[in-house]
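Side chains included, hydrogens not; waters and symmetry mates left out as well; all remaining heavy atoms used. Here the structure is a predicted model, which is why all the values come from computation and not from measurement. Count residues from 1 along the sequence.
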Amino acid sequence: MPQPGSATVRSRVRIPLTFPDGYRAEAEVFTFHGLADGAEHLALALGAVPDGGTPLVRLHSECLTGDVFGSDRCDCGPQLRESVELISGAGGYLLYLRQEGRGIGLYNKLDAYALQDSGLDTYDANTALGLPEDGRDYTAAAQMLAALGIDGTGGTGGIDLLSNNPDKAAQLGRLGVTVRRRVPTGVHLSASNVRYLTAKVERTGHSIELSRLVG
């Protein structure tokens with residue numbers, strides 16, 4: 001995979017975060033110039049990386065239904081909340097990527113939900129709409145990490161990636177980012193998302209314990 005062109009930090013601003021359960025964190029939010037896809041992705045710096053430590057990084061794809069409205073059809077909202085706390089404790093970055101519906105957009109995601117209600121899983125619903133199972137490209141994420149000085153080169157030592165998704169680590173590696181290890185998130189199970197989580201394990205090798213889903 002070709003290495004991405006350079007991006008630069010456009011602005012930075014401090015924003016206090018408060019979640020519905022009362023958890024609070026301080027974030028420094030970065031915006032960027034020169035991202036490959038032209039989207040308005042954000043990086044949230046959380047906590048402080050100890051001297052000689054490795055930043056913990058989460059690539060979190062935007063999910064309006066889960067992150068904002070608290071939908072139980074996915075685990076995105078709980079993963080976002082968990083990630084902020086874990087990264088605040090370890091020191092690192094949450095990259096909030098504007099990739100709704102694994103890159104297919106909000107309306108298409110809702111159309112895919114309707115197909116899932118008829119029996120298709122989350123991946124087959126996408127392909128039934130003529131769309132990719134997962135259309136996400138992490139070139140912009142690699143550019144953001146490089147702009148923040150943690151691209152895995154020049155002695156920075158790379159990152160620990162907070163993710164259950166092996167494709168994120170694989171893409172970042174091809175883009176020149178050193179992923180030292182992949183740290184799984186928790187299992188955020190509900191009656192409404194068990195089929196969704198099971199499909200992620202069976203179809204794309206996500207590191208989620210199936211026994212926690214079907215036991």
Side-chain angles (χ1 to χ4, degrees), residues 7-33 35 37 39-51 53-103 105-106 109 136 138 140-151 156 158-165 168-169 172 177 179 181-190 192-193 196-197 206 208:
T8 58
V9 171
R10 172 184 173 275
S11 67
R12 53 200 295 175
V13 61
R14 290 201 167 273
I15 297 179
L17 308 177
T18 302
F19 288 84
D21 64 359
Y23 176 75
R24 297 175 60 85
E26 287 286 333
E28 187 171 22
V29 179
F30 292 78
T31 66
F32 299 87
H33 285 301
L35 296 179
D37 58 9
E40 293 184 329
H41 305 302
L42 301 174
L44 281 68
L46 298 159
V49 181
D51 290 342
T54 301
L56 182 61
V57 174
R58 165 84 180 156
L59 275 56
H60 187 91
S61 296
E62 178 181 47
C63 177
L64 179 72
T65 51
D67 296 342
V68 177
F69 298 128
S71 168
D72 281 340
R73 291 191 69 137
C74 63
D75 57 346
C76 301
Q79 281 189 325
L80 179 63
R81 160 65 179 83
E82 174 192 35
S83 297
V84 169
E85 184 169 4
L86 291 176
I87 298 170
S88 294
Y93 296 88
L94 186 145
L95 306 190
Y96 196 82
L97 305 175
R98 313 303 296 275
Q99 300 172 329
E100 184 76 50
R102 297 198 303 274
L106 179 60
K109 181 178 84 170
R136 291 174 293 183
Y138 299 110
Q143 291 179 299
M144 294 161 75
L145 293 172
L148 293 166
I150 53 169
D151 61 340
T156 61
I159 65 171
D160 290 337
L161 183 64
L162 181 59
S163 177
N164 300 323
N165 185 352
K168 290 182 179 179
L172 288 177
V177 179
V179 179
R181 66 187 180 109
R182 188 157 52 88
V183 180
T185 73
V187 179
H188 303 289
L189 179 66
S190 73
S192 300
N193 70 20
Y196 165 78
L197 295 179
H206 280 59
I208 304 170

Completion exercise
Interatomic distance, OH@Tyr138 vs NE2@His41, rounded to 0.5 Å, equals 10.5 Å
Practice task
Among residues two or more places apart or on two chains, list those pairs meeting side-chain hydrogen bond (donor to acceptor under 3.5 Å, both in side chains) that have a residue in residues 83-92.
Solution key: Arg81-Glu85
Problem - Minimum heavy-atom distance Ser61-Gln99, with the two atoms named - result: OG-OE1, 2.9 Å
Practice task
Measure the spacing between CZ of Arg58 and CD1 of Ile159 and express it to the nearest 0.5 Å.
Solution key: 12.0 Å
Handout entry: Atom pair CZ (Arg98) and CD (Glu62), whose distance is rounded to the nearest 0.5 Å
Key = 4.0 Å
Handout entry: Closest contact, heavy atoms only, Ser11 versus Thr31
Key = OG-OG1, 2.6 Å
Completion exercise
In short, Arg24 meets Thr18 closest at the heavy-atom pair NH1-OG1, 2.7 Å
Problem - Exam field: side chain Glu100 to backbone Leu64, donor-acceptor pair closer than 3.5 Å - result: yes
Handout entry: Greater than 12 external heavy atoms within 6.0 Å of Glu28's CD
Key = yes
Exercise for the section: Find out whether Leu17 and Ile15 are in side-chain contact, i.e. whether some heavy atom of one side chain is under 4.5 Å from a heavy atom of the other. Expected result: yes
Handout entry: For the student: nearest non-hydrogen atoms of Val49 and Gly92, plus distance
Key = CG2-N, 3.9 Å
Handout entry: Spacing of CG belonging to Leu95 relative to NZ belonging to Lys168, to within rounding of 0.5 Å
Key = 9.5 Å
Completion exercise
Residues Ala7 and Leu35: closest non-hydrogen pair is CB-CD2, 3.8 Å
Handout entry: Donor on one side chain, acceptor on other, Arg73 and Thr65, under 3.5 Å
Key = no
Completion exercise
Between Val57 and the options Leu94, Leu145, Val179, Leu172, the side-chain contact (heavy atoms from CB on, under 4.5 Å) test singles out Leu145
Completion exercise
Between His60 and the options Asp67, Leu42, Leu44, the side-chain contact (heavy atoms from CB on, under 4.5 Å) test singles out Asp67
Exercise for the section: Please round to the nearest 0.5 Å and tell me the distance separating atom CG of Leu148 and atom OH of Tyr93. Expected result: 5.0 Å
Exercise for the section: Report yes if some heavy atom in the side chain of Arg181 is under 4.5 Å from a heavy atom in the side chain of Thr54; otherwise report no. Expected result: no
Exercise for the section: Inspect the surroundings of CG in Asp21 and state if more than 12 heavy atoms from other residues, nucleotides or ligands are less than 6.0 Å away. Expected result: yes
Handout entry: Taking every non-hydrogen atom, the tightest pair across Cys63 and Cys74
Key = SG-SG, 3.7 Å
Problem - Between OG1 on residue Thr185 and CG on residue Asn164, distance to nearest 0.5 Å - result: 3.5 Å
Practice task
For the pair Arg102 (side chain) and Arg136 (backbone), establish whether a donor and an acceptor sit closer than 3.5 Å, ignoring hydrogens and angles.
Solution key: no
